[in-house]
Protein chains: 2
Amino acid sequence: MDTAETVLASRGVRPTPQRVVITEYLLNTKSHPTADQVLEAVANALPVQLSRATVYNTLHTLVEAGVIQEVYTEPGGCARYDANTERHHHFVDTKNGCIYDIPFEAVPSLDKSLDDNYKVSNYTVTFFGEPKQGQPKQES
Amino acid sequence: MDTAETVLASRGVRPTPQRVVITEYLLNTKSHPTADQVLEAVANALPVQLSRATVYNTLHTLVEAGVIQEVYTEPGGCARYDANTERHHHFVDTKNGCIYDIPFEAVPSLDKSLDDNYKVSNYTVTFFGEPKQGQPKQES
DNA sequence: TAACAATCTTAGAGTTAGTCTAAATAGTGT
DNA sequence: ACACTATTTAGACTAACTCTAAGATTGTTA
């Protein structure tokens, strides 16, 4: 079991107290928190004030180091952060706006479909519609 | 050839001068302008001041009436508006942010790929990468 | 281990892309 | 013409960041 310190050190990120608590929080939640949610959740785990700027700095550092992923679910919405760094697509429930993660493998590969004219390095698919019965409830 | 007035009238949207010039601009560009670009492009085609609020009101009205589409290309980026309301996908040039329309048929159908768990009514694919040689230059 | 440079954090100001509000104006039906 | 609704406007407001300048902390070198 990797501690936040270990993870940070192994990626060459100096494990300051602020970075450690933020990383710990992200490694231990399955939700996709916003920057503000991270700030709120983590603020009183530190003996000092935690600044908004530090939260953003740290999140960007962690993204660059590959520890977390920045995810946009709602179009036009704010960034969410996810310690699960696997590629995935999204399904938007048009009735209520809920968003479900779709595993990357659930969708046939489109890597080659524009080969004639474009060099594709990445792509994302957003589906719209309604879940059928029995979909697992998932935090957005 | 449909004029902006005709299009608006046929969708039950009262063709005010502000709406007409905005619609004209969008029907005649292949670019995917932001709200601010619409404002800048259209402002001096009117004898009166054009307010930012009116631009947003009009864009929302046009989206609801099905005259244009709201498109989000860059994750976390701002809304862009597209008078091409045919189903299509987008390719984002990661070097310069230019956006190209990808015909719907250029991508294999994904309508059935989530059939087990979801009723999919629509989907869009956004590709990221670089165009190969000889792509037609297109405004972003 | 003292000096100093580099890195990190902070509060708060600034920016962007909108949304909201209240008042003025324009258009519609009778 | 009169009441009523729809539309537009300027500008205040908001959310989600981003930037800045100063101070704190840490690491490095002598």
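Given the structure is predicted, the values throughout are model-derived calculations rather than measurements. Note on naming: letters A, B, ... go to the chains in the order of the sequence lines (proteins, then strands), and numbering restarts at 1 for each one.
Taking the six-membered ring for Trp and thresholds of 30 and 60 degrees, A:Tyr56 and A:His60 have ring planes inclined between 30 and 60 degrees apart.
Put simply, A:His60 has no side-chain N or O that comes within less than 4.0 Å of OP1 or OP2 on D:dC17. Neither OP1 nor OP2 of C:dT7 sits under 4.0 Å from any side-chain N or O of A:Arg14. In this model, the phosphate group of C:dT10 is approached by a side-chain N or O of A:Thr54 to a distance below 4.0 Å at OP1 or OP2. Close to D:dA6, at under 4.0 Å from its OP1 or OP2, lies no side-chain N or O of B:Thr16. Regarding contacts with the backbone of D:dT25, every side-chain N or O of A:Gln18 stays at 4.0 angstrom or more from both OP1 and OP2. Here A:Arg52 does not reach the OP1 or OP2 of D:dC17: none of its side-chain N or O atoms lies under 4.0 Å away.
When each of B:Ala35 and A:Val13 is assigned the nucleotide of DNA chain C with its nearest heavy atom, A:Val13 is the one assigned upstream, toward the 5' end. Where B:Pro17 and B:Thr34 each meet DNA chain C at their nearest nucleotide, the meeting point lying more 5' is that of B:Thr34.
Side-chain contact annotation: A:Gln69 with A:Tyr81, donor-acceptor N/O pair under 3.5 Å absent.
When the P atom of D:dA16 is taken as reference, atom CG of A:Leu59 falls 14 Å away, rounded to whole Å. In this structure, A:Asp36 atom CG and D:dT14 atom P are separated by 15 Å, rounded to whole Å. With rounding to whole Å, A:Tyr81 atom OH is found 10 Å from D:dA16 atom C1'. With rounding to whole Å, A:Tyr56 atom OH is found 16 Å from C:dA13 atom C1'. When the P atom of D:dT25 is taken as reference, atom CZ of A:Arg19 falls 15 Å away, rounded to whole Å. Between B:Leu46 atom CG and C:dA26 atom P there is a gap of 13 Å when expressed in whole angstrom units. Atom CG in B:Leu39 sits roughly 13 Å away from atom C1' in D:dT9 (whole-Å rounding). Following rounding to the nearest Å, B:Gln49 (CD) and C:dA24 (C1') show an atom-to-atom distance of 15 Å.
Side chains of B:Tyr123 and B:Ser113 form no contact here, defined as non-hydrogen atoms less than 4.5 Å apart. No side-chain heavy atom of B:Leu59 sits less than 4.5 Å from a side-chain heavy atom of B:Glu70.
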**OP:** Could you walk me through whether A:Phe104 and A:His89 pass the ring pair (Phe, Tyr, Trp, His ring centres under 6.0 Å) test, one step at a time?
**Re:** CA-CA 6 Å; A:Phe104 196 73; A:His89 302 300; 4.9 Å; yes

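Comparing D:dT9, C:dT9, D:dC19 by their closest approach to the side chain of B:Ala53 singles out D:dT9.
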